[in-house]
Student: 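Input: one structure, supplied below.
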Amino acid sequence: MSDKPLNLTVYVWRQKDAKDAGGLVKYDVKGVSSHASFLEMLDILNEQLIERGEEPVAFDADCREGICGMCSLVINGRPHGGFAGTTTCQVHMRHFKDGETIYIEPWRASSFPVVKDLVVDRSAFESIMQAGGFITNNCGSAGDANAIPVPKEQADRAFEAAACIGCGACVAACPNSSAMLFTAAKLAHMHFLPQGQAERMKRTKAMVDAMDAAGFGNCTNHYECEAACPKDISRDVIAMMNRGYAKASLTYRDPAAKSGE
Amino acid sequence: MNLDARVPSGPIDQKWSNAKFEMKLVNPANKRKYTVIVVGSGLAGGAAAATLAELGYNVLCFCFQDSPRRAHSIAAQGGINAAKNYQNDGDSVYRLFYDTVKGGDFRSREANVHRLAEVSVNIIDQATAMGVPFAREYGGTLANRSFGGAQVSRTFYARGQTGQQLLIGVYAALSRQIAAGKVKMFNRTEMLDLVVADGRAQGIVVRDLVSGKIESYAGHAVVLASGGYGNVFYLSTNAMGSNVTASYRAYKRGAGFANPCYTQIHPTCIPVSGDYQSKLTLMSESLRNDGRVWVPKSADDVAAASKDPGSIAEDKRDYYLERKYPSFGNLCPRDIASRAAKEACDDGRGVGPGGRGVYLDFRDAIKRDGEDTIREKYGNLFDMYERITGENPYRVPMRIYPAVHYTMGGLWVDYQLQSTIPGLFVLGEANFSDHGANRLGASALMQGLADGYFVIPYTLGNYLAGVPAKSLASTGSADFKRCETEVNERVARLMNVKGKRSVDSFHKELGQIMWEKCGMARNKEGLEQALQEIPELRERFWKEVTVLGGRDTFNQSLEKAGRVADFLEFGEVMCRDALEREESAGGHFRTEHQTADGEAKRDDEKFCHAAVWEYRGDGETPARHVEPLTFENVKLATRSYK
Amino acid sequence: MSWFVSYVRSSVGAKHVMAVTGLGLLLFAIIHMLGHLGMFAGRDAYNHYAHTLQGLGALKWIARGGLLFLVAVHIGAGVRLASLNRAARPVKYAVYRTVRTRPWAKWMPWTGLLILAFIVYHLVHFTFGQIQPEYFHKLDPQGRYDAYTMFVRGFQNTGILISYLVAMALLLPHLAHGISSTFQSLGLKHPKYDGLIDKAGPALAVIMFLGYIAPPIAVALHVIKLPGA
């Protein structure tokens, strides 16, 4: 690993607001330490922009330790830069070479409209969660936590699905902007656990329908989502959702619904 | 300033039951006539919003992130404590209570801590029912591990992301209430002021971070759960957006701020690598279960140890925590482990660039249990370490150094979690109550959820029962308009400085002052200097800062500017508190007050109290009030982990 | 039935429609291929097979109707999905790299439409007899349609042979992605069998490709020839 500072050319998507057409703008960033993180490189760029009196680049980031899911960015055509199991905030500049050209774009999907520059609106994910991403259980009514044993293998699979950080890389990576990995991970988390069984059918139906209503594309089994997921969530959860949705559609009748739905 | 803690009568283990029975109730049909504002959507705020909505209140919940799921509770790694005694190793509610009071160096309120220990068991039940995938044994029961400051295994965990899993449980409940229409969620919306009218908190003024619009919201009560102020140090393990603004604005409107000098420095973080650094990354305390902390015995070996730690022979290594604290060893509390690391580095025995690092070595654990066992326990943490440093911790020991992690100080609250402003309740890290001068590991998640799930649903009802439902303020009233105008003026002032320097550059400078003079070790001289430097820096900020972009639009520079402006005032309150507290306690270490072997030396005669600061106007020195602390159950004693 | 309409129109339901109709067409394609391989059994056996199929009466029309329906739905749903998917990303990336998917998975709509074109051509040739009318519906010595001769004559024509091989070369990737996808889309998966399923699609596709091209190639190589030739 070289400690020599890097000089880079970056093309950054600049877009004033949701209505603006936007476009790529070229910047030179000089003297970036190879130990800096990718977002720190953008911090450095922003400092240089402020010095010149230009408005800094807007991008989302909060925890900067790979867990809050706030950061995004398609780096050189890959969400989060395409490093296995890594979010943008944990990408370090040691992966880049001096003189390299880097393209930085926002997540692209009609369901994730750009707010400004590299910041997108991911509230479509909220609507999916609100449709059924919960176990109905008012606080105070829970029995002892050890009353229902959960086999370790099952708890582990639930955890692996629950590791989803809701960043949206799956949508950004998908050639069709489909949100199936996100939705399916949320469902799988609850459906591997006994606590999630009671509302299983209703939840599956509701969350998939909410996902469709949000305007995401359809899955055509490319599995780019799986490759891009910073938490390594497996496409198997999508298969599980596909099966569950058929079952729910064909056999479940919501008592609250008026017609046969 | 009225600092009556309203601690209920009776023996310690009956106080909470008594209090619950004595509290007034709001009948179910009337609850829907009340509106409650909740600021923050982490474990405390999110749990409060969801639970209050379940009860029937109308809740308005605000967070500055784009989703409630991103609140910084998400980043907690190691676990959550609960006195379940599933391991049959001698744990009990009383022991958790005892450990927490002692761990906090006898600077917390006994009754609150006991309540926390009592409800800890319900939290695990509730979280499990919400589908939190805690680690389990092969038979299907819940697994535990041990954490610093305890000799029992009472920590529940979900690999290295316990915070995220608990927060998803809270977020799920919150999502259900949003769908049901009981919670109205305001994402990307930041609280910029508290509206106090007729002596009660009646609403807030916020900025919609996307449109830039300044708006007001009214409620019968306001619940603040906006987290801690660790980012006053610029570099900390907090998220980039974590800030003191909500708390500080409440302070300026009359809420007492308690013990701001109590900050927790976490011993196991990845060391700073350069001046471009934007944040520090924590390595979970759980690593100290199997990792051994060491530096070379002699400063002469530092160069060799930095180059190739494996080359240092066993008898040339100083496992200083095991040596100094044989009974707790590597699992001694955080403040002690941090100070010991600093001491070793001050002694010239620190490793790595700048000599600011110590080793956390898994060689022996890997030899004993095998690499696979270690990977199963800590795999994701090891991966994270490697991603950041480019070094493989299975081969070379991790290099760690203490970093700011948590703040025990916060807005003063009574037993009911109400601040000195009636109708303003404060939960989680934002309040000061339960951890005293030092928080034990895996207790932050516990406190956030205890406050949100199991305390505020009772105490808020008790307050609202005395507030007429019809009294909801109008946001068009003079009080709201005045407040909105002040917020607007402040935003305009920030935009109009039009200097040359970035907000971050000031934040970094403030952080340096705070870290050097109000960090791991403090003394009179340094604090007095800081009290000179901070106002000077603040003055330069208001002359030289630049905020580019518009105000009626998405503008991250403007967001940061507002937060840093508040840190620049708040830092002064912190230093003042640290200066006045002429003792060492927990995370507050005054070099003038230490024992012969360098341990913290409390002064129970003079400082067995919470110091509560009252704002008295810009440019005025705030007033220091005290709430005396009495210890009827856990005897005041010198903390020993030897 | 409104629930059924909303089911098949949903994203997951649409996948199921593609998978189920695809499976039906796959089943036909397998039977059709086995029938083709009957060419190796000689003129008499092949014509007997063709004669039997022709003699199915109403059943034949039901099968033809069913196939037509499957094709129509498969294509209709596929075109709808493709257009929805385009609409889901109105602004394209300036730089976009994929790493997991296979090129042929991205070609699905195009290979599908080209195969449709081929099927039309194929029907015009062998069912409607418009390409080589001189060999259409001639009788063999037993008084049956001489399908065997029509087949051989057809593939002795280099143009027809090449167009057929090209079509099969398009069917190969379509099946390779389609068959594995069917399992994923219907959720017939388990981590234990994932590897097997991922390989099953391409493997079956290759087998079918070989099965389909074997008789025409045999004709071209004079392994299959007209009696007495």
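Throughout, protein chains are lettered first and strands after them, A, B, ... in sequence-line order, and every chain is numbered starting at 1. Only this structure's heavy atoms are used, side chains among them; waters, hydrogens and symmetry mates stay out.
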Student: For chain A, which candidate among C:Leu84, C:Asp194, C:Val99 shows the most heavy-atom pairs at distances under 4.5 Å?
Tutor: C:Val99

Student: With a 4.5 Å limit on heavy-atom distance, are the side chains of A:Cys219 and C:Gln184 in contact?
Tutor: no

Student: Quick check on C:Ala82 against chain A: is it the side chain, the backbone, both or neither that has a heavy atom closer than 4.5 Å?
Tutor: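 Interface part for C:Ala82: neither.
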
Student: Do you know which of C:Leu81, C:Leu186, C:Leu188, C:Val91 has the most heavy-atom pairs with chain A at a distance under 4.5 angstrom?
Tutor: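 Most heavy-atom pairs under 4.5 Å with chain A: C:Val91.
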
Student: Could you tell me which portion of A:Pro79 (side chain, backbone, both or neither) has an atom closer than 4.5 angstrom to a non-hydrogen atom of chain C?
Tutor: neither

Student: So, A:Arg108 side chain and C:Pro90 main chain: donor-acceptor pair closer than 3.5 Å or not?
Tutor: no

Student: Quick check: closest heavy atoms across C:Pro191 and A:Arg157, and the distance to 0.1 Å?
Tutor: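 Reported closest heavy-atom pair: CG-NH2, 3.5 Å.
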
Student: Heavy-atom pairs under 4.5 Å with chain A - which of C:Ala87, C:Ser11, C:Ser180 has more of them than the others?
Tutor: C:Ser11

Student: Supply the atom-to-atom distance C:His16 NE2 to A:Tyr245 OH, rounded to the nearest 0.5 angstrom.
Tutor: 9.0 Å

Student: Evaluate the side chain to side chain donor-acceptor pair (under 3.5 Å) criterion for residues C:Ser185 and A:Asn242: first the C-alpha distance (whole Å), next the side-chain angles of each, then the deciding distance (0.1 Å), finally the verdict.
Tutor: CA-CA 6 Å; C:Ser185 293; A:Asn242 291 341; 4.9 Å; no

Student: Do A:Glu226 and C:Arg100 come close enough that some side-chain heavy atom pair is under 4.5 Å?
Tutor: yes

Student: For the residue pair C:Tyr7 and A:Leu250, establish whether any side-chain heavy-atom pair is separated by less than 4.5 Å.
Tutor: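 Answer yes - side chains close enough.
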
Student: Using the rule given for salt bridge (Lys or Arg N to Asp or Glu O under 4.0 Å), can you reason through C:Asp198 versus A:Arg235, listing the C-alpha separation, both sets of side-chain angles and the distance that settles it, and then say yes or no?
Tutor: CA-CA 12 Å; C:Asp198 286 350; A:Arg235 64 189 174 197; 2.5 Å; yes

Student: Taking side chain as everything from C-beta outward and backbone as N, CA, C, O, which of these in C:Lys106 sits under 4.5 Å from a heavy atom of chain A? Side chain, backbone, both or neither.
Tutor: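 Both backbone and side chain.
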
Student: Sort C:Lys15 into side chain, backbone, both or neither according to what part of it lies under 4.5 angstrom from a heavy atom of chain A.
Tutor: side chain

Student: When rounded to the nearest 0.5 angstrom, what distance separates CD in A:Glu224 from OG1 in C:Thr98?
Tutor: 4.5 Å

Student: With side chains defined as the heavy atoms from C-beta onward, is the minimum distance between C:Val12 and A:Met180 less than 4.5 Å?
Tutor: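 Yes, close enough: below the 4.5 Å cut-off.
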
Student: To the nearest 0.5 Å, how far apart are OG in A:Ser234 and NZ in C:Lys189?
Tutor: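 One gets 7.5 Å once the value is rounded to the nearest 0.5 Å.
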
Student: Rounded to the nearest 0.5 Å, what separation is found between the CZ atom of C:Arg97 and the OH atom of A:Tyr103?
Tutor: 12.5 Å

Student: Taking only residues two or more places apart in sequence or in another chain, which ones pass side-chain contact (heavy atoms from CB on, under 4.5 Å) with C:Leu161?
Tutor: C:Phe155, C:Leu165, C:Pro216, C:Ala220

Student: Can you tell me how far apart CZ (A:Arg78) and OH (C:Tyr96) are? Round to the nearest 0.5 Å.
Tutor: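 Rounded to the nearest 0.5 Å, the CZ-OH separation comes to 9.0 Å.
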
Student: Heavy-atom pairs under 4.5 Å with chain A: which of C:Met18, C:Met108, C:Lys92, C:Arg9 has the most?
Tutor: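 The answer is C:Lys92.
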
Student: Just how far is it from atom OH of C:Tyr93 to atom CH2 of A:Trp107, taken to the nearest 0.5 Å?
Tutor: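 If we round to the nearest 0.5 Å, C:Tyr93:OH and A:Trp107:CH2 are 7.0 Å apart.
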
Student: Check whether C:His177 reaches the backbone of A:Thr220 with its side chain - one donor and one acceptor, N or O, closer than 3.5 Å.
Tutor: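 Flag set: sc C:His177 to bb A:Thr220 pair under 3.5 Å.
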
